[in-house]
Amino acid sequence: MRPFLFSKSSAINQALAKKNGTTQYIAGGTNLVDLMKKHIAEPESLVDITSALPAKIEVTAKGIQIGAMVRNTPLANDAIILAKYPLIAKAVLAGASPQIRNMASTGGNLLQRTRCPYFYDVTTPCNKRKAGSGCSAIPGENRMSAIVGYSDQCIAVHPSDLCVALAALDASVKVQDKSGKTQSIAFTDFHRLPGTTPERDNNLPANALIHSIEINENAFAKNCAYVKVRDRDSYAFALVSVAAALNLKDNQIVEARLASGGVAHKPWRWLEAEQYLKGKTANAATFEAAADIAIKDLRAQSHNGFKIPMLKGAIETALQQCLNR
Amino acid sequence: MGFFDEPFDLMTPPEGRVEGVAKVTGSGKYAAEYKVNGLCHAVLVGSTIAAGTILNINTSNAKQVAGVLGVITHLEKPVVPGMADEEKIKEARFGLPVFHTDKVYFKGQPIALVIAETLEDATYAASLVSAEYREDAKTVDFNGTLGFVSLTPAGKDRGDITALNSAAHSIEAEYNIKAEVHNPMEMHATIAEWTADDKLKLFDKNQGVNNVQRTFAKLFNIPVNHIEVISEFVGGGFGSGLRVWPHALACIMAAKLVKRPVKLMLTRPQMFYSVGYRPASWQKIKLGANADGKFIGIHHQAKNGTSVYENFNEGITRVTRLIYNFDNLKAEAATVPLNLSTPTWMRGPGDCTGDFAIESAIDELSYKLNIDPVALRMKNLALEKNPETGLPWSTNYINECIEKGAQMISWKDRKAAHSQNIEGDWNIGYGMAVGAWNAGRGNASAGIQMQKDGSITVQTAMTDIGTGTGISMQNIAHETTGISKSKIKIELGNSNLPPAPSQGGSNGLSSIGGAVVAAVNALKLKLAEHAALQNEAYKNVAAADILLSDKGISLKTANSQFFISYASLWEKNKLGILEVEASSGPGAERQKYAFCSSAAHFCKVRVNRKTGKVKIERLVTVSDGGKIISEKAAANQMSGAAVGGIGMALMEEQATDERLGTLVGNDFAGYHFPVNADAPIIEVAFINKPDPNINPQGSKGLGEVGIIGTAAAIANAIYNATGKRLRDLPITPDKVLLG
Ligand SMILES: Cc1cc2nc3c(=O)[nH]c(=O)nc-3n(C[C@H](O)[C@H](O)[C@H](O)COP(=O)(O)OP(=O)(O)OC[C@H]3O[C@@H](n4cnc5c(N)ncnc54)[C@H](O)[C@@H]3O)c2cc1C
Ligand code: SF4
């Protein structure tokens, strides 16, 4: 690890004032410290933001606001979350390990970097780590890679589970920049597709901080599920994951949400399938038809053709689980 | 009440480990944890290419970092006498001639070592070392390369394999297993200190202190007893500590260079390519049987990966000669050189690889014949004698393991045809397999020191890598002396103590148990010698007739008036600490009998048809390890091994990238071994019948058989559930889905 200066900020403005191109924020450090050890991140100085940002979950007029410093464990155990937004808790608990969740922050979870193995190995080419150096995954080991929304520059996936649930629930990200200005970014616009600039994961403005996440009230609390298929049953990133949520009236689907992790450079919404589900009867045949719509245009890499049938199965399973309460 | 609130007396732990309290409270020191005055830190720099020659190394940036004390490369180093020239390097058989060559054989091969005051300085400075290379052609692709090496006989043929051509039923199939990495919890580490020019002290993680001692005595050309190796606590090994690896030598060279004690601990990423692994393997089996299921013969072909600088042959076909009777056998093997570090023994080495193929093929045959897999095995087991040597088994209760296991898992609930047991999206299936291991025994020594108060300390150089060697030594000493366990202390893992073999191949307890018994006998005789001065009756008595207790000595044959207390014995003879040492090892019984440990594994799985996910619902392991000395430690061995088997079956895989010549991923986020969520509570049982010939205590060793057969039992259960015969490990969800 390269030596660095360390300071702690106790207020958001103070933290923002310290930020420049060679400074990096550290929250739980569960991703950043690894990146520093592996010389992927080499900041000259670190600013600890654990006391600078809100760490509370608050009920607002429209829904709730989750402070950027709310750690994953309290987030998953929060009474309001469990009662009204249980999809969030399900997704968080499907991720990482208890120790990591104790440290990991909500803001950090959005900004964690891909788990593409080449990204973590500085001796190999990787466009995301070093723009223009090439992509090792395309001709190499790409079992975990994307099946949708990728480019010929990068086929990495975003590793978060929480973000899949946030995308499904149409959350928004409240950010604040150096000038003190705040803005709200729709969650589905927050992360980017790789295109020709895979080194950029998201649309967070330069030198800005995530302040909080906002979620509007919704009718999905009763019928939602998070299914994560992985090589081992805990403490592993998704091969594919599915967040499903249904607003049901009797057995008719009023509205549906369907999002996936492990398939793209950002949490992926299956909008056409959601549209299809609307107004249908909730049963196995409907779910299978929706899953078929979701997978119809996917194109796998050389080693991950399995992700397409797996995704289909995971979508059907998740929708089915929405009915088991 | 929380766990830590429970009243707990530190001095009297419940049944468990002699070292349990030290481990749990942290007072037990692992190699890297010792405090040594003047200690500095070393960090390895690995090559960034997989094959070629180092043209130039730039260490000047590293040397400028504050706190850096020195840098070692092949160009600037204290020369190790045993590696002084090509000839010596060959003779040394050390494997990688670290820092004594400009050749690069695999990516990550140490090309430099940075020594600094702090670990942070050394780590940072190490990142500033760079090198220029001339690259050579390379390959790390086992499956792509194995076609280029030809098979050669692996042992003698039995009968004539052409008999298979007329078999009523036969199975012919290929099996592939990906490389697996040991990754014990404790990372390998060494603290080296030259206490004089020719005297070395090491705190080191390994599975055999005497092996470390011998290796470095040879390399540095100094007497063995000038090297002290301390490995009192070892946080797992699984075979990775059976060899002495380059990092330990590097650390010793560093201590020589900076003339200070140096610590070198591998990082977790380095653990993936520095201390061996189970190599990738390919096998082809042809198994033939007559109409009623009697095996006619097996043709077993196997290849495993090795490095380009050393030849490591796994011995994959060995197990094929051990379990079943049949008249015709041909075994062939080959190794496939790759630009990877050298593999090594990993739990159940060779046998658990070979057994997967054989036990899968037998399962497949059982469906073809429409015979229950249990019955098919029973029909073919070699229960009387070792089918290879013809020697009668001393004991072999593999059939009882099978019977007991079948009962425990309720085998009768299994459907004979596949895909018949379905609950929603889940298919349920049962599978079983057996495993066996040649039960060995080595020469070992143990010492006993006795105090006036009747307390004893039993000592050996053998390590306890978590297997329960210490508690078992205590149990044996207690049973043979009658002295209370609370008065028996155990000291081990130190080369100053009586020598013992490395702890591997399930030989640990088998070897040291006899030594403890021998030392106890020596103690009895020595005490009797002193007692004879007080009472003639003790003159020339046999050890078997001497009784000890917490209080004193007496004779079996006589009445209590011969009792002499330790206190009076000590006073009369002016004794200080009474010391004895004795050795014990295998003898003529090895010419008369064959020895094996065995196990039967039964598994119930659920397989999700939609996602390909396999859940292990039950895993039963019944083993014959002779007499069980410490049930808790033994059960811990077996369930740990079974969990390792789950890893082998379902998830462990070290991927490689052929284009880049590299391992893909080297951390626990990407290399998956099972966690609690992947394993049910393993149901362990023992036959627990002593083997009267192997050693005085009758125990045959268990560490390996717990994993030999586990993967096949799981794969066979997946077949029973789904009708998918999956012959490539690990069986990740993608393989189930597409299979
Ligand atoms: C072994 C392992 C397994 C894991 N498994 C999973 C999993 O299965 N599913 C899953 O979802 N996650 C998983 N994680 C990822 C984990 O959830 C993230 O590492 C964590 O959420 C990051 O939060 P942090 O607070 O530790 O971030 P840090 O490591 O502190 O920061 C990460 C990045 O975010 C920036 N940052 C942090 N907070 C802010 C803010 N408020 N504003 C602006 N920038 C900010 C930092 O500058 C840094 O660049 C795993 C991690 C590990 C190490
Ligand atoms: S997929 Fe993206 S992250 Fe992975 S190697 Fe290619 S460019 Fe790098």
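In the text below, chain A, chain B and the rest are named by the order of the sequence lines, each starting its count at 1. We use all heavy atoms of the structure for the numbers below, so side chains are in, but hydrogens, waters and symmetry mates are not.
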Sort [X] into side chain, backbone, both or neither according to what part of it lies under 4.5 angstrom from a heavy atom of chain A.
X	answer
B/Asp425	side chain
B/Thr662	side chain
B/Asp667	side chain

Inspect the surroundings of [atom1] in [X] and state if more than 12 heavy atoms from other residues, nucleotides or ligands are less than 6.0 Å away.
X	atom1	answer
B/Arg134	CZ	no
A/Asn77	CG	yes
A/Lys130	NZ	no
B/Leu55	CG	yes
B/Met265	CE	no

Heavy atoms of B/Leu738 and A/Pro309 approach each other most closely as CD2-CG, 4.1 Å
Closest non-hydrogen contact found for B/Thr611 with A/Gly313 is CG2-C, 4.3 Å
Okay, side chain of A/Asp233, backbone of B/Asp678: is any donor-acceptor separation there less than 3.5 Å?
->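 No.
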Most contacts with chain B, counted as non-hydrogen pairs under 4.5 angstrom, among A/Arg143, A/His39, A/Lys38 =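 The candidate making the most pairs under 4.5 Å is A/Arg143.
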Which of the residues A/Gly140, A/Pro139, A/Ala236, A/Ala314 is involved in the greatest number of heavy-atom pairs with chain B at under 4.5 angstrom?
-> A/Pro139
CG of B/Asp657 to OG of A/Ser136: how many Å apart, nearest 0.5 Å?
-> 7.0 Å
So how far is it from B/Leu737 CG to A/Lys312 NZ, rounded to the nearest 0.5 Å?
-> 10.5 Å
Could you tell me which portion of [X] (side chain, backbone, both or neither) has an atom closer than 4.5 angstrom to a non-hydrogen atom of chain B?
X	result
A/Met1	backbone
A/Leu239	side chain
A/Arg230	backbone
A/Ser97	neither
A/Asp231	both
A/Arg115	side chain

Report the option among B/Gly665, B/Ala655, B/Gly670, B/Ser127 that has the most heavy-atom pairs separated by less than 4.5 Å from atoms of chain A.
-> B/Ser127
Checked B/His672, B/Met651, B/Arg659, B/Glu120 vs chain A; the most non-hydrogen pairs under 4.5 Å come from B/His672
Could you check if a side-chain atom of [X] sits within less than 4.5 angstrom of a side-chain atom of [Y], using non-hydrogen atoms only?
X	Y	value
B/Phe673	A/Arg232	yes
A/Pro3	B/Val65	no
A/Asp121	B/Lys107	yes

Stepwise, does the side-chain contact (heavy atoms from CB on, under 4.5 Å) test hold for B/Lys610 with A/Val227?
-> CA-CA 12 Å; B/Lys610 289 215 160 101; A/Val227 168; over 6 Å; no
Should B/Asp734 and A/His303 be marked as a side-chain contact (heavy atoms from CB on, under 4.5 Å) after you check the CA-CA gap, both sets of side-chain angles, and the distance that decides it?
-> CA-CA 10 Å; B/Asp734 46 328; A/His303 299 302; over 6 Å; no
